[in-house]
Each structure stands twice: as C-alpha cells, then as structure tokens.
S.K.: 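Take a look at the following structure, please.
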Amino acid sequence: MLKTEELQINIGPQHPSTHGVFRMIVTVDGETVIDLKPVFGYLHRNHEQLAEVSTYIQSMPYTDRLDYFNSMANNFGLALAVEKLAGIEVPQRANYIRVLMCELTRILNHAAAVGFMINDMGAWQTPLVFAGREREKILDLFEMASGARMMCNYFRFGGVVRDLPPEFMPLLKQLMQGLPAFFDEFERLLRENEILRLRSEGVGILPKEVALSYSVTGPLLRGSGVPYDVRRAEPYSVYDELDFDIPVGSIGDVYDRFLVRIAEMRQSYRILQQVIERLPDTTGGHINPSMASIGRQKALRPPPGDVYARVETPKGELGFYLVSNGTARPYRYKVRAPSFVNLTPLGDMCRGHKVADVVVILGSIDIVMGEVDR
Amino acid sequence: MPNLSSAELKELLERELPGVLQPTRPRTQPAEATASAEPARKPRKGEEGPVDLLATDDAVVAADRLVDVALFLRDKMGYTYLSNITATDYLADGVIEMVYHFYSLEGGGPAVIKVRVPRDAAEVPSLTPHWPGANLQEREAFDLFGVRFPGHPFLERIYMWDEFEGHPMRRDFPKQGDKYLSDDDEV
C-alpha cells in the first residue's frame, strides 16, 4: 500500500532565485504545491522609524534604498508627498526632468525584470546580460546627472538637485536611437522561444475579477486586464500633458505580464521622445528658487496635517503617507510599497503548480526585498 | 466618476449610514500661503500652543461600523481599490488611528476613512474577508503597533521574529535598554 504525505519545504531565505532574502514555506504533495506561506522580515531596516528621527530631506537618501533598482522613482514619491504637504510649486523644467528620469528608470527596470524572470526559468544570465547592455547605458546617464549609478538621491523638494549637464542630451539621443531595435530583438527572441512559452503560458493566473481586491498594482494588475495606472488615474507632475497608452494583458498569466512589461518599455520610449522634444522650451529652472539652498531644504517645516501621495513606479503604486506636526521631522512616515502588497496573491497563484513554477511566478511579480521589508 | 472631497464624503456617510461618523475637531487652514513662502523660524515661546494632531477634516468612523462603511464605499460608490492601511500612534492623546485610502477604478482622489481606537485596547474589525489585499498591511499594523484585527485569517507577526515581545513602532517602545538591546549598544 502506498501512502503519500504532504511535505513542508523551505524555499529561501538564502536562495539564488528568490530576489533577495525572502523565505517561502511551501507545503507540497509530491511536486505539486498545496499551500505557500511567505515569511518576511529578513531585510527589515526600520526605514519608517528612521524617518521619524530625521528631517524630511534626510529621508531622501533612504528612499533610494527602498526599491534599490529604481531609486529615481522612490525619490519622486517622497518629493511629491512633501511638496503636497508643504504646498511647494515645482517649475516646469524640473517636472520634465523628473519625468525623464522616471521613464528611463522604467525602461531600466523592465529590462532587468524580464531578464531576471528568464533567469528564473533556467536560461541563466544570458538574457539578463543582454538586457544589461541597455541598462548600463542608462546607468551611465544617471551617473552623469546625479553622480551615482543606483543610489541617485537626485530629487529635492521643489525640483531636482542640479540641472542636466550639457553632455547628457547627446548621449540620451544616442541611446534612444538604439532602443527600438533592442525592444524588437528582445521581444522576438522571447516570443519565438518555445521553452519560455511553455513555461509561462497558463502559469500563475491572477483572474481579473479578483485582481483588484488583492490591492495589487503595476504590471501584475495590468497583466490581468485591469487598465489602472496612477499616471492616468491621478495624474501628477506633467503626465497629463503627455501622450501614452496603458498596455493590458488578457489572461493574467506569467506570459501576459512579460508582454505587458515589454509594451510598457515601448510606451516609456514614446514618452521620452515627447519629453526630449519639449525640454528645451520649458520654463523655469531645475528647482523652485525659494527651495534652492540646502539650508531651506533642511529647515522645511510643513504645516500640521497629513497627506498621501503616490507615484507609478515600475513595480506598481508607491505611496507615502506623511503626518506632520509642524516641526522639521515627520510625526508619522509610512511607505506603501508595491512589492509588499503585490505578494498577497502569491499563495493563491501558486496553488496547484509545480515547485519550479513557484520561482517563475515569484519572478513575474517582480519584487525587491528592500521595499517589501523596508 | 466619484471624486468626493472629504466634506462631501462626510455628508454622504451621514445621510446614508447615520451614526457612523464620530465628532472631530476640524483642521483650521493656515492663513498664510505655504511653508516655503516665509522663512522658517522658531515659534516664540508662548505664541503657539501644542499642535492638535487629531484635528482633521476627514471622515472618522466608529470602529465597529468600519466594515459597513467600507462595503458601502465599494458597492454603492464604486471605490473598489483599497490602496493603503496605515496605523499611527498618538501617544499624547492615547489613541491609535487607522487610516484607509480607497480609490475608484476610473481615477480621481481617495476616499479617506479614519478609525480611532484607544491604545491599550486597540481592536479594529479586519477588512481582509472582503479585501484580501488588506491581509499583509493589517499584519504589519499588528506587528509594529499592536492593533488586533478580529476576523483576520492569519494574524501573526510579519517583520519581527515570532518570539519578539513588544510593538516596536509604538512611541513608548524604548530606543535603548529594552531586553534586545543592552545599554552598551549604540543606537
């Protein structure tokens, strides 16, 4: 008589495919997943309490480290929240520079995310390094503008810390020339790959009806067919003046999410074209003149009140909830991290799949543990 | 496309679900423009009193009616997306405030609902049975602030390890000298 039993195994926290220190306690019957329990907290760095003892501008470098792939987008969220709280105006040129940086970040992130997803499927680092070539060019641009490749700390309240150097635009235009060919080649290499399609179609489906109730955002939500994007729903900065589409998937499986990411890269390219065209004619400087000195940034005392501001980072909706008590330090500072909330449906998406699919599904959600644990 | 301001939301709730709102002190708008328009200077002694942090223009709802209000917002008003659940500890006033931000799929601003519970008996009904997305954020509020959510399917610690005692983000959690950090350690 054969007797089978369920087995509880640990995936992580130290595992090359878990996108950081993340542990999943998986209950399996043979190779099929019955239940999955995620365990967090291995990268908890107490970001929110550090912000309570720092001034608002001192938290800005810490936001770089939240989602360490997309530091510009994290900075954007905090800058938007404090500007809303304190009522600081941002000049038009600064807004366009911010959108430029945010969209470059989106291309950067989606290229790496797709590369990592295919790495999780077993193609090792080849697609990742292939995408990494374009990523390196964008990181060179960030280094030119802000001084650092990844932890940029480029945004300030009222604008950005310094204007774009004169070498920036020629290099950006050169990069833009090569991008459409990169997107086409990347997409073709992956659409025509039989192994990739077999491993990703029908895997990890998040049905459209329940997707929104899971509070997920970003390519995970749009892959399921819900066209919700913060840049369209509650436009911030100059996104309401720009022309772009919101790509959505149909079924909500891993393959859809991967297609949505490639389509979003193309839309970011479209936004970049418009920004480059309009940037020379924008008015204002790179920062609100009343906030230009570091002394003013340090001494900022927003009036008492609370605010919730959100931006569309490549991973989803990043929100900052700030409560001010009139002093230079926030009373409460909360980060609503997209990767954290996007992990809610992980257990339900993995049920019934094999253990190897768990890694692929996790890759398709595209998490960064810096954000999940803060 | 629902885009209710906080005053409209309060009026709507008072009309449709009478008795859910709790009285609050309104936040008075500052007379001058913004903090950036005038240079920051220290308030003179005696000129400005303590800041009333609990004064708000948003709808504050009784804890036991939270689920009714949330379902009303979702089913009747179209606020189907629950974006953010935050807990804030107001030590001086002795309350913990839970803030919920709801958004509608068509876009627009949030519907903000606040719930205030006493610090020593912090219990708020869980929204997880209706919004599975509230699961992790409520666990975070439980772990870091000690708010209990009756109705939550799996209310366990999420960041701190299971045997940890205390709720670290509460304002009275000692920064030095608690049992996990000795007095010699630098904080």
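Naming convention: chains lettered A, B, ... in sequence-line order (proteins, then strands); numbering from 1 in each chain.
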S.K.: Please check if the number of heavy atoms outside B/Y159 that lie under 6.0 Å from its OH is greater than 12.
M.R.: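 Atom OH in B/Y159 is packed in, count exceeds 12.
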S.K.: Shorter than 4.5 Å, heavy atoms on both sides: which option in B/I85, B/L82, B/I158 has the most such pairs with chain A?
M.R.: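 Ranked by contacts with chain A, first place is B/I158.
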S.K.: Please state whether the side chain, the backbone, both or neither of A/V210 comes within less than 4.5 Å of a heavy atom of chain B.
M.R.: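 For A/V210, no heavy atom lies under 4.5 Å from chain B.
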S.K.: Do the side chain of A/K334 and the main chain of B/T88 share a donor and acceptor less than 3.5 angstrom apart?
M.R.: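 The answer is no, because no donor-acceptor pair under 3.5 Å joins these two groups.
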S.K.: Chain B: which of A/F157, A/F340, A/Y214 shares the most heavy-atom pairs with it under 4.5 Å?
M.R.: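 The answer is A/F340.
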S.K.: Measuring from B/S104:OG to A/E234:CD, what's the distance to the nearest 0.5 Å?
M.R.: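 Those atoms lie 11.0 Å apart.
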S.K.: Just wondering, do B/L136 and A/V341 contact through their side chains at under 4.5 Å, heavy atoms?
M.R.: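 No. Closest side-chain heavy atoms not under 4.5 Å.
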S.K.: Classify the angle between the aromatic ring planes of A/Y331 and B/Y90 as parallel (below 30°), tilted (30 to 60°) or perpendicular (above 60°).
M.R.: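 It falls in the parallel class, under 30°.
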S.K.: What distance separates A/S215 OG from B/Y103 OH, expressed to the nearest 0.5 Å?
M.R.: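 Between atom OG of A/S215 and atom OH of B/Y103 there are 12.0 Å.
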S.K.: Between B/T86 and A/V323, does a side-chain contact (heavy atoms from CB on, under 4.5 Å) hold up when you go through it step by step?
M.R.: CA-CA 11 Å; B/T86 311; A/V323 176; over 6 Å; no
S.K.: Counting only non-hydrogen atoms closer than 4.5 Å, does B/E156 touch chain A with its backbone (N, CA, C, O), its side chain (CB onward), both, or neither?
M.R.: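 Neither part, no heavy atoms under 4.5 Å.
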S.K.: A/V53 versus chain B, heavy atoms under 4.5 Å apart: side chain, backbone, both or neither?
M.R.: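 The side chain, not the backbone.
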S.K.: Enter the distance from B/N135:CG to A/T344:OG1 here, rounded to the nearest 0.5 Å.
M.R.: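 Rounded to the nearest 0.5 Å, the CG-OG1 separation comes to 6.5 Å.
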S.K.: Considering only heavy atoms, which portion of A/R310 lies under 4.5 Å from any heavy atom of chain B: side chain, backbone, both, or neither?
M.R.: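 Side chain only.
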S.K.: Does A/Q49 reach the side chain of B/R171, with side-chain heavy atoms less than 4.5 Å apart?
M.R.: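 No; the side chains remain at least 4.5 Å from each other.
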S.K.: What part of A/T217 lies closer than 4.5 angstrom to a heavy atom of chain B: side chain, backbone, both or neither?
M.R.: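 Side chain of A/T217 only, per the 4.5 Å heavy-atom cut-off to chain B.
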S.K.: For B/E97 and A/R332, run side-chain contact (heavy atoms from CB on, under 4.5 Å): C-alpha distance rounded to whole Å, both residues' side-chain angles, the deciding distance at 0.1 Å, then the answer.
M.R.: CA-CA 11 Å; B/E97 183 177 76; A/R332 172 79 167 112; over 6 Å; no
S.K.: What residue, out of A/K37, A/R336, A/E317, A/R374, has the most heavy-atom pairs lying under 4.5 Å from chain B?
M.R.: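 Answer, by heavy-atom pair count under 4.5 Å with chain B: A/R336.
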S.K.: Taking the six-membered ring for Trp, are A/Y228 and B/Y81 closer than 6.0 Å centroid to centroid?
M.R.: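 Centroid separation for A/Y228 and B/Y81: below 6.0 Å.
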S.K.: Does atom CZ (B/R170) have a neighbourhood of more than 12 heavy atoms from anything else shown, all under 6.0 Å?
M.R.: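 Atom CZ in B/R170 is packed in, count exceeds 12.
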S.K.: Check each atom of B/D58 against the heavy atoms of chain A and say whether the ones under 4.5 Å are side chain, backbone, both or neither.
M.R.: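 Interface part for B/D58: side chain.
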S.K.: I need the contact set between residues 110-128 of chain B and chain A: heavy-atom distance under 4.5 Å, sorted by residue number.
M.R.: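 Heavy-atom contacts from residues 110-128 of chain B to chain A are B/P110, B/K114.
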S.K.: Which distance, rounded to the nearest 0.5 Å, do you find between the CD of A/E52 and the CE of B/M169?
M.R.: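 It comes to 4.5 Å.
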S.K.: What distance do A/S213 atom OG and B/R74 atom CZ have between them, rounded to the nearest 0.5 Å?
M.R.: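 The OG atom of A/S213 sits 8.0 Å away from the CZ atom of B/R74.
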